[in-house]
Amino acid sequence: MLELIPLTDGIGTEVRGIDVTGDISDADFDRIYRAWIDTTVLLFRDQDMTPAQHIAFTKRFGEIYTYTRSQFNHDEHPEILILSNLTRDGKPIGSAYSGRVWHSDGHYLTEPPVGSMLYAREVPPVGGDTWFANMVAAYDALPERTKERIDGLKVIISRVQSRPYNYPDRPAPTPEERAEWVDVAQPLVRVHEESGRKAIYAGGNVPWRIEGMPEEESAPLITFLQEFSVRPRFTYRHQWRPGDIVLWDNRSAMHRATYYDHVAHRRLMHRTTLAGRPSAGTGTAP
Ligand code: SIN
């Protein structure tokens with residue numbers, strides 16, 4: 001029988017009593033989907049799924065976004081992105097160091113992916129955890145004066161400048177990529193198109209700036225929002241076990257991978273990504 005158990009008071013739900021490869025009734029799926037929107041992170045333990053089943057389960061939540069030109073897509077199922085320190089014939093099979101700063105996936109795209117589903121196949125005994133932050137709860141807790149100050153502002157996100165932070169093991173952008181990767185402006189306060197709730201949209205540690213605001217004002221404001229959002233009451237640290245699936249909502253959560261001993265231990269994770277939809281911002285800066 002389906003059970004929905006809070007992971008913490010501030011973020012996440014563990015979904016129990018479900019085999020994600022089996023038939024999930026529409027009524028049960030609706031409850032799971034609602035818990036995802038309401039609490040931003042879902043955990044399913046002890047799941048055993050093939051890549052095809054992973055893709056099928058992801059598709060119940062929406063359309064899949066496939067990373068283009070990624071050398072770390074699964075050979076037979078390019079919808080799956082491999083995150084791993086493992087090698088084959090001396091070559092990495094996955095991205096080993098991605099996501100170690102607070103971020104939301106694909107924040108540099110005009111329509112960032114709405115969610116990501118990460119499946120643990122092999123995990124180290126210590127470390128390699130993933131942190132999640134509830135950006136809706138963080139927004140709700142901001143002082144009213146700060147909300148008034150930031151509603152309507154836009155952040156300018158540079159994919160070129162984000163690259164070394166998000167993917168330190170990937171080569172620097174080529175001249176063609178630099179030309180193609182134009183900066184995008186996103187609402188600093190993002191209105192979730194399904195829940196209607198507001199979330200802070202300010203990924204961490206990457207050089208984001210606020211449109212039309214001098215650098216000396218923009219940088220401390222972004223830093224304040226990033227640090228505020230990852231206070232313990234808004235966060236959950238997931239310690240992975242093989243067979244865990246975590247689905248997060250990129251519209252209302254940030255996440256961050258942590259370090260582990262990548263020489264001594266193996267980590268193999270498969271990720272699918274849910275395609276973006278137009279976001280409802282709060283307008284342009286006054
Ligand atoms: C990610 O940013 O999607 C990776 C998270 C992880 O590997 O723990």
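No experiment lies behind these values; they were computed from the predicted model shown. For ligands, and for the atoms within them, numbers begin at 1 and follow the listed sequence. Residues take their numbers from the sequence shown, with the count starting at 1.
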Between Phe44 and Phe57, how do the two ring planes meet: parallel, tilted or perpendicular, split at 30° and 60°?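 If you compare the ring of Phe44 with that of Phe57, the planes turn out perpendicular.
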
Please work out whether the ring planes of His107 and His103 are parallel, tilted or perpendicular, with thresholds of 30° and 60°.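 Judged by the thresholds at 30° and 60°, the geometry between His107 and His103 is perpendicular.
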
Numbering the atoms of ligand 1 from 1, which are under 4.0 Å from a heavy atom of [X]?
X: Gly99; answer: 2 (O)
X: Trp248; answer: 3 (O)
X: Ala257; answer: 5 (C), 6 (C), 7 (O), 8 (O)
X: Arg271; answer: 1 (C), 3 (O)
X: Thr130; answer: 6 (C), 8 (O)
X: His255; answer: 1 (C), 2 (O), 3 (O)

Among protein heavy atoms, which sits nearest to atom 7 (O) of ligand 1, and what does the distance come to when rounded to 0.1 Å?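 Heavy-atom neighbour on the protein nearest atom 7 (O) of ligand 1: Arg267 NH1, 2.9 Å.
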
Would you verify whether the NZ or CZ of Arg251 falls within 45 degrees of the ring axis of Trp36 while also being under 6.0 Å from that six-membered ring's centre?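 The answer is yes; both the distance and angle limits are met.
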
Less than 4.0 Å between a side-chain N and a carboxylate O, is that true for Arg159 and Glu177?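 No, no charged N to carboxylate O under 4.0 Å.
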
Would [X] count as a contact of ligand 1 if the rule is a heavy atom under 4.0 Å away?
X: Arg256; result: no
X: Met269; result: no
X: Phe132; result: no

Looking just at side-chain N and O atoms, do Asp129 and Trp131 make a donor-acceptor pair shorter than 3.5 Å?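 Judged by distance alone, the side chains do not pair up.
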
Ligand 1 to Trp240 polar contact by distance, N or O atoms, under 3.5 Å: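 Checking ligand 1 against Trp240, no N or O pair falls under 3.5 Å apart.
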
Please classify the Thr258 to ligand 1 contact at 4.0 Å (heavy-atom distances, strictly less than): side chain, backbone, both or neither.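 Looking at Thr258 and ligand 1, no heavy atom falls under 4.0 Å.
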
